[in-house]
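Here is the structure we will look at, set down as C-alpha cells.
Order of the sequence lines fixes the chain letters, A, B, ..., with proteins taken first and strands second; residue numbering starts at 1 for each chain.
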Protein chains: 2
Amino acid sequence: MTKKSADPVNGHPPATRQVPMRDFSRSLPMSLLRAREAVMRQFRPSLREHGLTEQQWRILRALAAIEAVEVTELARTAFLLGPSLSRILRDLEARNLIERKTAKADQRRSMVSISKEGLKLMASVAPTSEAIYAEITRRFGARKLAELQEMLGELERSLAGLGGADETIAGE
Amino acid sequence: MTKKSADPVNGHPPATRQVPMRDFSRSLPMSLLRAREAVMRQFRPSLREHGLTEQQWRILRALAAIEAVEVTELARTAFLLGPSLSRILRDLEARNLIERKTAKADQRRSMVSISKEGLKLMASVAPTSEAIYAEITRRFGARKLAELQEMLGELERSLAGLGGADETIAGE
DNA sequence: CGCATTCACTTAACATGTTAAGTATCTCGC
DNA sequence: GCGAGATACTTAACATGTTAAGTGAATGCG
C-alpha cells in the first residue's frame with residue numbers, strides 16, 4: 001500500500017550497470033551509515049524534546065565526565081571538527097549549559113566545563129537515553145553488541161595508517 | 001610530541017562523572033560514527049579531485065545501475081532525505097551530470113537519469129574507488145568484512161520495528 | 001463534476017560537516 | 001627581546017542533515 005516499485009515507467013529491467021562497480025547499496029560506508037541511522041533514530045525524539053541535537057548531547061556527555069577541558073581536546077572526545085564545536089559551544093554557552101574561561105597559563109586556550117544547569121538537563125535526559133540503549137542492547141543482544149563494537153574498533157585500527165589525505169609521513 | 005594529555009591544568013583526576021552514564025566514547029553511535037569516518041576518509045581525497053562530494057558520488061552510483069528513477073525512489077536508494085537530494089540534483093543537473101524529465105503519466109514525478117558526461121566522470125573515478133575498497137578489504141580481511149556487514153544488517157533489522165518517532169502504527 | 005486529501009517534489013530555515021582564512025598567543029632561535 | 005613560525009581557536013563560505021511549509025498535480029468520494 002505504501003509503494004509499488006514494480007512497473008517502472010518503461011518496461012526496462014531494473015539494472016543496466018553502465019559502469020562496472022560493486023553493488024552500491026552493500027558498500028561498507030552505506031552499511032555503516034544505515035546502521036548508525038537506525039540507532040540514532042531511536043534517540044533523536046527524546047533529545048529533541050529537551051531541545052538538544054545529537055552533537056550538543058555528545059558535548060554535554062563528554063563534559064559531564066570531567067572537570068574542564070580545552071576546546072581541542074573536547075573536539076577529539078566528542079568527535080567533532082573545530083569549527084562545528086566552536087559554533088555549538090557558542091550556542092550552549094548562550095543557553096547557560098556550559099561555562100568557559102581562558103586558561104591562566106596560556107591565553108590561547110579556553111577551558112570548557114558543564115554548568116549546573118547543564119548537569120540538571122543531563123540528569124533529565126539520561127534516564128530515557130539509558131533506557132533506549134538498554135532496549136537496543138536487548139533487541140540486538142548484549143553479546144553481539146560487544147562483538148560488533150569490537151569489530152568496528154578493529155576496522156578503525158586497521159585503517160589507522162592508511163592516511164586519507166594530508167597524512168604527514170615522516171620521510172616525506 | 002604531538003600531545004601530552006597528562007598533567008591537566010589542575011591536578012584533578014581525569015574523571016568526575018557527575019551524572020551516571022555509560023562511557024560516552026564507547027557508545028554504539030560513536031563506534032559507528034568513527035568507523036564510518038575511518039572508511040570515508042580513504043575515499044574523500046579521490047572524490048574531491050573529481051569535484052564530487054560523498055553524496056553526489058552516491059547519487060551517480062545509484063543512477064549508473066539503472067535507466068531512470070523517480071526522485072523519491074532515488075532518495076531511498078542513495079539514503080538521502082528529499083530536501084538534500086533536491087538540492088544536489090539541481091547542482092548535478094547544472095553540471096550536466098544528470099538529466100531530468102517529468103514522467104508522462106504523472107506530471108508530479110520527475111525521472112532522473114545519469115548523462116553521458118556523468119558516465120564519463122564515473123568511469124574516471126571508479127578505478128581508484130575500487131582500488132581503495134580493495135585495500136580496505138585486504139587490510140581488514142574479506143571474511144571479517146562480510147561478517148561485519150552481516151552484523152550491521154542484523155542491527156538494522158532488529159531496530160526496524162522500534163519506531164523512533166512518527167511511527168504510524170496500525171491500531172493507533 | 002467539485003473539492004478536500006493525498007502525493008511528489010521543492011523551498012525555507014536552521015544546525016552541522018568540511019575546508020580555508022583569519023586572529024591572537026606562544027615558542028624558539030638568534 | 002624580537003621576529004618567524006607554530007598553536008588554539010574563531011570566522012567565513014559552501015554543502016548537507018533535518019524539519020516544516022509551500023506548490024502543483026493526481027485521487028477519491030459525495
Specify the separation, in whole Å, of atom [atom1] of [X] and atom [atom2] of [N].
X	N	atom1	atom2	answer
B:Leu81	C:dT16	CG	C1'	14 Å
A:Met40	C:dG17	CE	P	12 Å
A:Phe79	C:dT18	CZ	C1'	13 Å
B:Leu89	C:dA8	CG	P	16 Å
A:Gln107	D:dA8	CD	C1'	12 Å
A:Arg87	C:dG17	CZ	P	7 Å
A:Leu80	C:dT18	CG	P	10 Å
A:Arg76	D:dT7	CZ	P	13 Å

field: Candidates D:dA25, C:dC26, D:dT11 - which lies nearest the side chain of A:Arg108
entry: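 Ranking D:dA25, C:dC26, D:dT11 by closest atom to the A:Arg108 side chain puts C:dC26 first.
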query: Which part of the nucleic acid does B:Ile88 contact within heavy-atom distance under 4.0 Å: base, sugar-phosphate only, or nothing?
result: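 Counting heavy atoms under 4.0 Å across all strands, the contact made by B:Ile88 is with sugar-phosphate only.
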Sugar-phosphate, base or nothing in reach of A:Thr72, heavy atoms under 4.0 Å: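 Sugar-phosphate contact only.
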message: If you assign each of A:Arg48 and A:Gly82 to its closest nucleotide in DNA chain D, which residue comes earlier from the 5' end?
response: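 Comparing both residues, the 5'-ward one is A:Gly82.
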- prompt: How do B:Asp91 and B:Pro83 order along DNA chain D: which one's closest nucleotide is nearer the 5' end?
  reply: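 Comparing both residues, the 5'-ward one is B:Asp91.
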Using a 3.5 Å distance criterion without hydrogens, assess whether the side chain of [X] forms a donor-acceptor pair with backbone atoms of [Y].
X	Y	answer
B:Thr77	B:Glu73	yes
B:Gln56	B:Thr53	yes
B:Ser158	A:Arg139	no

Quick one: is [X] getting a side-chain N or O under 4.0 Å of the [N] phosphate, OP1 or OP2?
X	N	value
B:Gln55	C:dG17	no
B:Arg44	C:dT18	yes
B:Ser110	C:dA8	no
A:Arg41	D:dT18	no
B:Ser84	D:dA15	no

Along DNA chain C (nearest heavy atom to each residue), the more 5'-positioned of B:Arg90 and A:Leu85: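 With B:Arg90 and A:Leu85 compared, the 5'-side residue is B:Arg90.
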Pairwise distance OG(B:Ser31) to CG(A:Leu155) - rounded to 0.5 angstrom: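 Here the rounded value is 11.0 Å.
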field: From B:His50 atom NE2 to B:Ser124 atom OG, the distance as rounded to the nearest 0.5 Å
entry: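 B:His50 atom NE2 to B:Ser124 atom OG measures 4.5 Å (nearest 0.5 Å).
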